[in-house]
Number of protein chains: 2
Amino acid sequence: MEMTKAIVKENPRIEEIKELLEVAESREGLLTIFARCTVYYEGRAKSELGEGDRIIIIKPDGSFLIHQKKKREPVNWQPPGSKVKMEGNSLISIRRNPKETLKVDIIEAYAAVLFMAEDYEELTLTGSEAEMAELIFQNPNVIEEGFKPMFREKPIKHGIVDVLGVDREGNIVVLELKRRRADLHAVSQLKRYVDALKEEHGNKVRGILVAPSLTEGAKKLLEKLGLEFRKLEPPKKGKKKSSKQRTLDFFNPY
Amino acid sequence: MEMTKAIVKENPRIEEIKELLEVAESREGLLTIFARCTVYYEGRAKSELGEGDRIIIIKPDGSFLIHQKKKREPVNWQPPGSKVKMEGNSLISIRRNPKETLKVDIIEAYAAVLFMAEDYEELTLTGSEAEMAELIFQNPNVIEEGFKPMFREKPIKHGIVDVLGVDREGNIVVLELKRRRADLHAVSQLKRYVDALKEEHGNKVRGILVAPSLTEGAKKLLEKLGLEFRKLEPPKKGKKKSSKQRTLDFFNPY
DNA sequence: CTCTTAATGTCGCTA
DNA sequence: TAGCGACGTTAAGAG
């Protein structure tokens with residue numbers, strides 16, 4: 001027997017929203033409210049948002065999102081673990097540590113949807129920095145002939161190095177991996193690791209920034225600091241056992 | 001005369017979703033779909049998400065969000081400027097530069113809401129790093145007696161410095177501001193600026209990390225590098241002309 | 001808890 | 001458009 005997955009209310013009264021919220025909490029449902037509202041937030045920072053129409057999403061893990069009609073980012077939010085309640089016409093979500101309060105005054109609700117979502121799938125993603133590291137451990141020659149990677153995510157004096165290894169001359173080699181074009185920050189990060197290792201092991205330390213490309217500024221700083229660059233694209237794994245890398249073109253004819 | 005703000009369809013057929021999408025596009029509406037679906041993405045990275053119930057939001061600026069029932073972040077998305085279309089049972093959103101494709105196969109739609117949101121308000125936020133800088137320019141003594149801030153967001157050799165000034169001894173002083181607890185990354189950043197300025201102006205350069213607090217690792221590195229720390233909280237402006245800083249307690253009785 | 005870092009980061013600003 | 005850095009960054013992983 002299938003239960004109703006979505007309970008929809010048009011122009012719900014406040015009492016109906018309150019009921020939906022209670023059911024959402026007890027049954028692990030997603031509550032979405034389409035409403036005219038104002039928003040107040042105080043916590044790490046403090047904000048106000050005047051009257052307007054927004055989408056409010058309350059998730060069973062405590063996540064609370066308020067979306068305006070532009071941008072990818074919610075205009076206000078509360079992270080997972082927050083506790084929500086209704087008080088008069090207001091939705092109030094509170095987080096502890098850090099203490100943060102979000103208050104949404106509902107002026108008019110146009111619709112509300114309680115969604116009993118069933119979802120047991122997790123995203124599988126490829127093309128990450130972690131996969132660049134795997135590639136390097138499987139085939140160290142992509143860095144250079146004779147390179148031997150030894151450690152992954154190795155804590156050193158001031159930070160955690162992506163890959164630590166030795167070259168054919170016996171120098172210590174630090175790799176800093178970036179899945180996208182590397183910038184000044186990446187160079188500073190690598191410099192910090194190289195300095196820390198030089199302090200412990202003397203000057204036989206090389207630093208290599210491994211990325212698909214470099215910004216102009218990063219290139220200049222890298223050269224000045226005597227650090228190196230190896231071009232490497234993050235690998236995107238195909239689905240299956242095809243010898244050639246399959247792209248998603250099979251579903252994307254554009 | 002008021003138009004309907006929200007058009008709600010329960011268990012919509014694919015054709016109805018297609019119609020809603022067209023109206024949403026022509027009338028700048030927000031379309032939200034509650035559906036069982038699978039998701040494919042390829043662009044900067046590549047991902048797959050198996051069958052499950054999710055909330056899909058398509059905004060008039062091209063933003064495209066897919067939310068699972070946990071976390072603040074969408075599991076998949078497309079940023080503003082993307083173009084969406086419907087093809088068979090699939091929603092396809094395409095971005096150019098970088099080229100990215102998102103494909104959502106709709107297996108079953110439980111509800112769809114077309115929301116003609118009117119919203120002319122923007123968020124006002126206080127407690128930012130920018131306000132820390134303002135505070136320092138208005139009252140340089142929060143850094144130290146005799147400090148004179150000269151430049152804000154000043155481009156130097158390898159980056160852009162938050163605040164550049166001179167102390168009472170005539171030393172050049174670089175401030176790196178952080179609105180929250182400063183970490184190793186912040187120290188490396190400051191070090192980069194100090195090194196660049198020392199190269200141009202000799203050794204009479206001081207670097208000061210200005211933040212509410214420091215991580216342990218940041219403290220150790222800062223000291224080793226001969227850099228300094230000044231404790232400063234980002235100011236949270238009150239609403240009005242009250243002499244005492246008003247908090248949001250007036251609406252938050254907890 | 002704190003620390004450290006990646007991220008399809010996103011967003012805003014500027015040359 | 002690319003570069004640079006903030007963000008109420010969030011999220012994951014380790015200690």
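Since the model is a prediction, treat every value here as computed from it, not as a measurement. Lettering follows sequence order; numbering is per chain, from 1. What's counted below: heavy atoms across the whole structure, side chains too, no hydrogens, waters or symmetry copies.
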When you measure from the side chain of W77(A), which nucleotide among dT9(D), dT8(C), dT4(C) comes out closest? dT9(D)
Has T215(B) got a side-chain N or O lying under 4.0 Å from the OP1 or OP2 atom of dT4(C)? yes
Looking only at dG9(C), dC3(C), dG8(D), the nucleotide nearest the R44(B) side chain is dG9(C)
Spatial distance of atom NZ (K46(B)) from atom OG1 (T101(B)) [nearest 0.5 Å]: 12.0 Å
Heavy atoms only, 4.0 Å cut-off, all strands: where does P80(A) land among base, sugar-phosphate and nothing? sugar-phosphate
Rounded distance in Å between the C1' positions of dT5(C) and dC7(D): 16 Å
Using OP1 and OP2 only, check whether a side-chain N or O of K71(B) sits under 4.0 Å from dA11(D). no
So does K178(B) get a side-chain nitrogen or oxygen closer than 4.0 Å to the phosphate oxygens (OP1/OP2) of dA6(D)? yes
Below 3.5 Å, does any donor atom in the side chain of E100(A) face an acceptor in the base of dG8(D), or the other way round? yes
Nucleotide dG3(D), atom P - distance to NZ of K157(B) in whole Å: 18 Å
Could you give the CD-to-P distance, from Q68(A) to dC11(C), as a whole number of Å? 12 Å
Considering only dG8(D), dC7(D), dT8(C), which nucleotide approaches the side chain of L125(A) most closely? dT8(C)
Between atom CD in E122(B) and atom P in dC11(C), what is the gap in whole Å? 14 Å
Which nucleotide in the list dT4(C), dG8(D), dC3(C) gets nearest to the side chain of Q78(A)? dG8(D)
Closer to the 5' end of DNA chain C via nearest nucleotide, is it L214(B) or P155(B)? L214(B)
To the nearest angstrom, the NE2-P distance between H67(A) and dT10(C) comes to 13 Å
Give one of base, sugar-phosphate or nothing for R95(B), where a contact means two heavy atoms less than 4.0 Å apart. nothing
Please tell me if R179(A) has a side-chain N or O lying less than 4.0 Å from either OP1 or OP2 of dT8(C). no
Rounding to a whole Å, what distance do you find between F64(A):CZ and dT10(D):C1'? 18 Å
Pick the nucleotide of DNA chain D nearest each of S128(B) and G217(A); which residue has the one closer to the 5' end? G217(A)
It should be established whether R180(A) places a side-chain nitrogen or oxygen under 4.0 Å from OP1 or OP2 of nucleotide dT8(C). no
Contact class for G43(B) vs. all strands (heavy atom < 4.0 Å): base, sugar-phosphate, or nothing? nothing
When you check the gap from the basic side-chain N to the acidic O, do D119(A) and R54(B) get nearer than 4.0 Å? yes
Write down the distance separating the P atoms in dT4(C) and dT8(C), rounded off to the nearest Å. 23 Å
Any donor-acceptor pair under 3.5 Å between the side chain of E129(B) and the base of dG5(D)? no
Looking across every strand, which nucleic acid part, if any, lies under 4.0 Å from E153(A) by heavy atom: base, sugar-phosphate, or nothing? nothing
Just N and O in the side chain of Q189(B): are any of them under 4.0 Å from OP1 or OP2 of dA6(D)? yes
Respond yes when some side-chain nitrogen or oxygen of Y193(B) is under 4.0 Å from OP1 or OP2 of dG5(D), and no when none is. yes
Any N/O donor-acceptor pair, D183(B) side-chain to dT5(C) base, under 3.5 Å: no
Let me spell it out: for each of D162(B) and R72(B), pick the nucleotide of DNA chain D with the closest heavy atom. Which residue's pick is nearer the 5' end? D162(B)
In whole angstroms, how far is the P atom of dC3(C) from the CG atom of L222(B)? 14 Å
Under 6.0 Å from the CD atom of E134(A), do we count more than 12 heavy atoms belonging to anything else shown? yes
So which heavy atom on E129(B) is nearest to which on L177(B), and how close? OE1-O, 2.8 Å
Are D183(A) and R181(A) ion-paired here, with the side-chain N under 4.0 Å from a carboxylate O? no
When the distance from CD1 of I160(B) to P of dG12(C) is rounded to whole Å, what number comes out? 17 Å
Below the 4.0 Å mark, does dG5(D) have OP1 or OP2 next to a side-chain nitrogen or oxygen of H185(A)? yes
Where is the tightest heavy-atom contact between K231(A) and P212(A), given as atom of each residue plus distance? NZ-O, 3.3 Å
Any idea which of dG12(C), dG8(D), dT8(C) is nearest the A45(B) side chain? dT8(C)
Which nucleotide in dC11(C), dT5(C), dT8(C) has an atom nearest any side-chain atom of E73(A): dC11(C)
Among the candidates dT1(D), dT5(C), dT2(C), find the nucleotide nearest to the side-chain atoms of N97(B). dT1(D)
Quick test of your reading of the model: are R230(B) and E228(B) salt-bridged, counting only N-O distances below 4.0 Å? yes
